[in-house]
Amino acid sequence: MDDVRALLAVLPDSPLPTETDVEHADAVIIVFPQDEDGYSAAAERVAAAIELGRPVYVVIPPLDSGLARRYLQSALRPGVYGVAVQRASSVDQLRYLEGVLEELEIRAGIRPGLTAMAVGFHDPRAINIMSDALAAMRDSADRMTWIAFNHVEMAESLGVPPDSPTVSAAAAQVVMTAAAFDLPVVYGSPPDAGYAASLGFRGCATGDPEDLAGLRAVFTRPESEDGEQEEES
């Protein structure tokens, strides 16, 4: 299982982090630009991020936007560890992305099936298809490496406060479903990292490099009975 304790998300208008910035990052996530004209520059940022020596995930435009393929054509290259899908609305969407990935991997000289996938499940519709989606991906290329859950987006979709018990119940459901497929779930709010860890989340994403060391500490597993840590720090 991949380490996802502390993930650094880099927004399009944020400076690219330095090697010092990512010292405590388990992976770097490069977010796509909103403006299609910025795709070429974004591809250059992806290439530069690979040089930082951490696994690099590329966040792609929403699958229903019609822009995901074009962005991947620019951004996918040898050295990209995986792609991150902001949210899934259907199993067919994920199968479509899997097909696009395989085609572009071949074009880029990447072994087909090598590029990992991370997917967000943040609303009731997505959670409803989560089990079927993970089963479909496992039975095909088995690219999935982690799941994302954003409690704010879930709260907005339900029309309730982010601290609603309903949102907590949804978070727990996502964690349990992912665990059935041996996948870790990543939270999206560093201030709530301790609470997320208590629910069974395995990591957190942040845009601030200063958060990374603390997140690693929060989500590092305690020593097991044989004296070995379940995850290395």
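Excluded from the calculations below are hydrogen atoms, water molecules and symmetry mates; all remaining heavy atoms, backbone and side chain alike, are included.
Closest approach of Pro78 to Ala108, counting heavy atoms only: CG-O, 3.6 Å. Heavy atoms only, all atoms of each residue included: Ser74 and Ala43 are closest at O-CB, 3.2 Å. Minimum heavy-atom separation, Leu215 to Ala6: CB-CB, 3.9 Å. Heavy atoms only, all atoms of each residue included: Val218 and Ala193 are closest at CG1-O, 3.8 Å. Across Gly79 and Ile50, no two heavy atoms sit closer than the pair C-CD1, 3.7 Å. For the residue pair Pro124 and Leu158, the shortest heavy atom distance occurs at CG-CD2, 3.6 Å.
To the nearest 0.5 angstrom, Leu72 atom CG is 11.5 Å from Arg77 atom CZ. Note that CG of Asp163 and OG of Ser168 are 8.0 Å apart. Values are rounded to the nearest 0.5 Å. The distance from the CG atom of Asp21 to the CG atom of Leu16 is 9.0 Å, given to the nearest 0.5 Å. Separation of atoms OG1 (Thr115) and CD1 (Ile110) is listed at 4.5 Å; rounding is to 0.5 Å. With values rounded to the nearest 0.5 angstrom, Met117 atom CE is found 11.0 Å from Asp142 atom CG. Rounding to the nearest 0.5 angstrom, the gap separating the CE atom in Met176 from the CG atom in Leu199 is 12.0 Å.
Residues forming a salt bridge (Lys or Arg N to Asp or Glu O under 4.0 Å) with Asp26 (at least two apart in sequence, or on another chain): Arg5, Arg216. Listed by chain and residue number, Glu103 satisfy the salt bridge (Lys or Arg N to Asp or Glu O under 4.0 Å) test with Arg107 (two or more places apart in sequence, or in another chain). Listed by chain and residue number, nothing satisfies the salt bridge (Lys or Arg N to Asp or Glu O under 4.0 Å) test with Arg45 (two or more places apart in sequence, or in another chain). Residues passing the side chain to side chain contact (heavy atoms under 4.5 Å, CB included) test with Ser198, sequence neighbours excluded: Tyr195.
Put simply, the side chain of Ser157 does not reach to within 4.5 Å of the side chain of His122, judged on heavy atoms. Inter-residue side-chain proximity for Arg202 and Arg221 is flagged as met; some heavy-atom pair is nearer than 4.5 Å. Annotation: side chain of Phe32 is not in contact with side chain of Pro12 (no heavy-atom distance under 4.5 Å). When side chains are defined from C-beta on, Met130 counts as touching Ile147, because their heavy atoms get closer than 4.5 Å. The side-chain heavy atoms of Val80 and Val46, taken from C-beta on, include a pair separated by under 4.5 Å. With contacts defined as side-chain heavy-atom distances shorter than 4.5 Å, the pair Pro55/Val28 does not qualify. Residues Glu153 and Phe121 fail the side-chain proximity criterion, which asks for heavy atoms closer than 4.5 Å. A 4.5 Å side-chain heavy-atom check between Arg143 and Met137 finds every atom pair outside the cut-off.
The closest donor-acceptor contact from the side chain of Glu105 to the backbone of Gly113 lies under 3.5 Å. Under a 3.5 Å cut-off, the side chain of Thr177 and the backbone N or O of Gln173 do form a donor-acceptor pair. The main-chain N or O of Arg125 is never found under 3.5 Å from a side-chain atom of Asn128 such that the two would form a donor-acceptor pair.
Grouping the Ile, Leu, Val, Met, Phe, Trp and Tyr side chains by contacts below 4.5 angstrom, directly or via other members, places Leu11 with Val22. A chain of hydrophobic side-chain contacts below 4.5 Å, direct or via other Ile, Leu, Val, Met, Phe, Trp or Tyr residues, connects Met154 to Val160. Note: the hydrophobic cluster containing Val91 does not contain Val119 (ILVMFWY, side chain heavy atoms under 4.5 Å, direct or indirect links).
The aromatic rings of Phe201 and Phe149 are tilted relative to each other, their planes meeting at an angle between 30° and 60°.
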Quick one: side chains of residues 92-101, donor-acceptor pairs under 3.5 Å with protein atoms, not counting sequence neighbours, listed by atom name and distance.
{"from": "Gln93", "atom 1": "OE1", "to": "Ser89", "atom 2": "N", "distance (Å)": "3.1"}
{"from": "Glu98", "atom 1": "OE1", "to": "Ser140", "atom 2": "OG", "distance (Å)": "3.0"}
{"from": "Glu98", "atom 1": "OE2", "to": "Ser140", "atom 2": "OG", "distance (Å)": "2.8"}
{"from": "Glu98", "atom 1": "OE2", "to": "Ala141", "atom 2": "N", "distance (Å)": "3.3"}

Quick one: side chains of residues 56-64, donor-acceptor pairs under 3.5 Å with protein atoms, not counting sequence neighbours, listed by atom name and distance.
{"from": "Tyr57", "atom 1": "OH", "to": "Thr145", "atom 2": "OG1", "distance (Å)": "2.7"}
{"from": "Tyr57", "atom 1": "OH", "to": "Trp146", "atom 2": "NE1", "distance (Å)": "3.3"}

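Checked by atom type, the side-chain pair Tyr187/Asn150 shows no donor-acceptor distance below 3.5 Å.
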Evaluate the side-chain contact (heavy atoms from CB on, under 4.5 Å) criterion for residues Thr206 and Leu212: first the C-alpha distance (whole Å), next the side-chain angles of each, then the deciding distance (0.1 Å), finally the verdict.
CA-CA 8 Å; Thr206 179; Leu212 295 171; 3.7 Å; yes

